[in-house]
There are 2 protein chains.
Amino acid sequence: MQLPQKDANTLGSDHRRPKIEQVHTMSKPETRIQQRNRAAILSAGLDIFSQFGLRGSTLDQIADAAGLSKPNLLYYFKSKDAIYTALLERLLETWLDPLQKMDANGDPIKEILGYVHRKLAMSKDYPRESRLFANEILQGAPHIADHLSQDLRQLVDEKAVVLKTWEAAGKIAPIDPHHLVFSIWAMTQHYADFDVQVRAVLGDKDPFEDAMAYLDTLFRRMLTPPNS
Amino acid sequence: MQLPQKDANTLGSDHRRPKIEQVHTMSKPETRIQQRNRAAILSAGLDIFSQFGLRGSTLDQIADAAGLSKPNLLYYFKSKDAIYTALLERLLETWLDPLQKMDANGDPIKEILGYVHRKLAMSKDYPRESRLFANEILQGAPHIADHLSQDLRQLVDEKAVVLKTWEAAGKIAPIDPHHLVFSIWAMTQHYADFDVQVRAVLGDKDPFEDAMAYLDTLFRRMLTPPNS
DNA sequence: GTCTAATTTGACCATTCGGTCAAAGTGAGG
DNA sequence: CCTCACTTTGACCGAATGGTCAAATTAGAC
């Protein structure tokens with residue numbers, strides 16, 4: 001019933017300041033038990049939420065997957081929503097990273113392909129996070145609508161300018177930069193979000209190696225300027 | 001709370017033999033009331049299920065959206081699952097159509113672009129269906145796993161042969177045909193499934209026209225054979 | 001070992017959920 | 001206008017769900 005999922009593969013290993021949801025005195029250092037249990041809960045929540053979404057997941061499912069009793073789970077997070085939003089926040093912290101790293105001063109095609117590569121690696125290494133995000137978007141992004149129209153939009157617009165600069169300098173063939181970004185998101189995240197379908201079509205052979213090769217040629221052919 | 005959704009835009013206008021879920025005597029023709037209410041329920045179910053998935057949706061939500069009482073809803077479909085599977089079945093009937101229509105005897109690039117075009121049109125005209133499908137896949141495709149590894153896989157393999165033939169004849173540049181199909185799915189469905197995100201980045205301007213232009217150039221550049 | 005704060009649990013609660021049922025209402029053909 | 005099959009509804013049920021709480025247990029500092 002549950003997808004096999006090597007655990008511990010979790011974004012943001014959490015060496016960070018105490019979170020606000022901390023139940024007790026706030027800002028006291030976490031005990032080892034707290035660390036272990038919070039991590040277990042977040043990982044379990046990621047498993048469940050990424051499959052069933054916020055509404056479709058239950059505390060019992062999550063508690064079960066985390067190996068804790070339901071009241072004990074609620075000792076660490078004050079509600080189902082709190083687990084969900086903690087996961088979303090942690091995800092958003094790193095979600096934009098790969099795009100941010102695209103360097104206006106680097107070699108254009110190399111930079112774009114580097115982005116594609118990082119994004120596909122995220123689909124491979126953090127598929128649950130990708131599916132959690134997909135689920136949130138499918139539901140209309142109620143928890144992150146602001147983030148999308150603020151931070152995300154700004155970042156994309158910024159990078160679109162860079163892409164247009166590269167285009168103007170003749171370094172890449174003419175393209176619509178926004179839709180270029182969408183196509184990178186779509187194709188890379190597809191291998192995480194639609195993993196079941198990809199594997200059903202391909203048989204269970206790991207798709208990521210071939211996917212990377214395919215995406216590499218795709219973007220090279222599309223982006224290499226005509227006169228070269 | 002609910003995405004605006006011009007209604008009546010529903011796959012398969014249902015001029016078909018009576019379904020098995022029909023509550024009563026079976027195979028008697030549907031009354032007008034039955035037609036209206038069944039259609040209303042399926043449309044409402046599509047609204048709700050495509051957002052929240054099977055587990056995340058409730059009969060009350062659906063009944064509400066359909067303008068019926070819950071017991072009345074259950075007079076037309078015997079369970080929540082019955083509504084969901086009816087929707088999925090209706091979807092699968094047409095889901096493979098656009099790919100099936102890709103003609104081995106047509107002009108290769110024109111045929112592939114035609115497929116892209118039809119698929120993008122489906123994202124535009126039937127976004128709820130696309131999201132329903134996405135939701136089902138995200139949850140691990142429990143209801144359609146067989147369909148994926150049988151019908152879908154067979155169709156894709158078949159078309160992969162066609163693509164390889166075209167490649168061998170020098171009509172299109174060399175590519176991995178399976179991943180080509182994946183990339184078409186990914187990019188076209190993205191505009192339905194991630195609509196909220198696309199619009200957040202783009203502002204509310206309709207994205208489909210530019211998307212089609214972008215995809216057209218993308219696939220042309222990728223597929224046009226080098227020596228032409 | 002003792003004491004205290006941190007942790008865990010079983011019992012419980014109100015609400016929601018999927019679904020049933022008998023009774024009441026309604027429409028269309030005669 | 002009557003009839004009868006079709007349609008609709010309010011009341012209800014048992015199970016699941018999110019969450020609480022007081023009591024029991026345990027970990028670790030001294």
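The basis for the numbers below is simple: all heavy atoms, side chains too, and nothing from hydrogens, waters or symmetry mates. Being a predicted model, the structure only gives us computed values, none of them experimental.
- We find that CG of N72(B) is positioned 12 Å from C1' of dT26(C), with the value rounded to whole Å.
- Looking at which nucleotide of DNA chain D each of P71(B) and R32(B) is closest to, the 5′-most match is held by R32(B).
- L73(A) places its CG atom 14 Å from the C1' atom of dT20(D), with the value rounded to the nearest Å.
- What separates CZ of F52(B) from P of dT16(C) is a distance of 16 Å, to the nearest Å.
- With hydrogens and angles ignored, a donor-acceptor pair closer than 3.5 Å exists between the side chain of K70(A) and the base of dG18(D).
- Remark: P of dC17(C) and NZ of K80(B) are 9 Å apart, rounded to the nearest angstrom.
- Heavy-atom neighbours of H147(B) NE2 from other residues, nucleotides or ligands within 6.0 Å: above the threshold of 12.
- Comparing atom distances between the D60(B) side chain and each of dT8(C), dG19(D), dC17(C) picks out dC17(C) as nearest.
- Between Y75(B) and dT8(D), a side-chain N or O to OP1/OP2 separation shorter than 4.0 Å is absent.
- Atom CD1 of I48(A) and atom P of dG18(D) are 12 Å apart (whole Å).
- Side-chain nitrogen and oxygen atoms of R55(B) include at least one within less than 4.0 Å of the OP1 or OP2 phosphate oxygen of dT17(D).
- Between S69(B) and dT9(D), a side-chain N or O to OP1/OP2 separation shorter than 4.0 Å is present.
- The phosphate of dA6(C) (OP1 or OP2) has no side-chain N or O of N37(A) nearer than 4.0 angstrom.
- For L74(A) and dC13(C), the CG to P distance is 18 Å, given to the nearest whole Å.
- For CD of Q35(A), the number of neighbouring non-hydrogen atoms (other residues, nucleotides, ligands) closer than 6.0 Å is greater than 12.
- With dT7(D), dT20(C), dG18(C) as the candidates, the nucleotide lying closest to the side chain of Y76(B) is dT7(D).
- A straight line from CG of L59(A) to C1' of dT16(C) spans 14 Å, rounded to a whole angstrom.
- If you measure from atom CD1 of I33(B) to atom P of dT7(D), you get 6 Å, rounded to the nearest angstrom.
- Side-chain contact, N37(B) with Y76(B): a donor N or O sits under 3.5 Å from an acceptor N or O.
- Looking at D193(B) and Q189(A), their side chains never come closer than 4.5 Å, going by heavy atoms from C-beta outward.
- Taking 4.0 angstrom as the limit, Q34(B) places none of its side-chain polar atoms (N or O) nearer than this to OP1 or OP2 of dC6(D).
- Checking side-chain atoms of E111(B) against main-chain N and O of D103(B) turns up a donor-acceptor pair under 3.5 Å.
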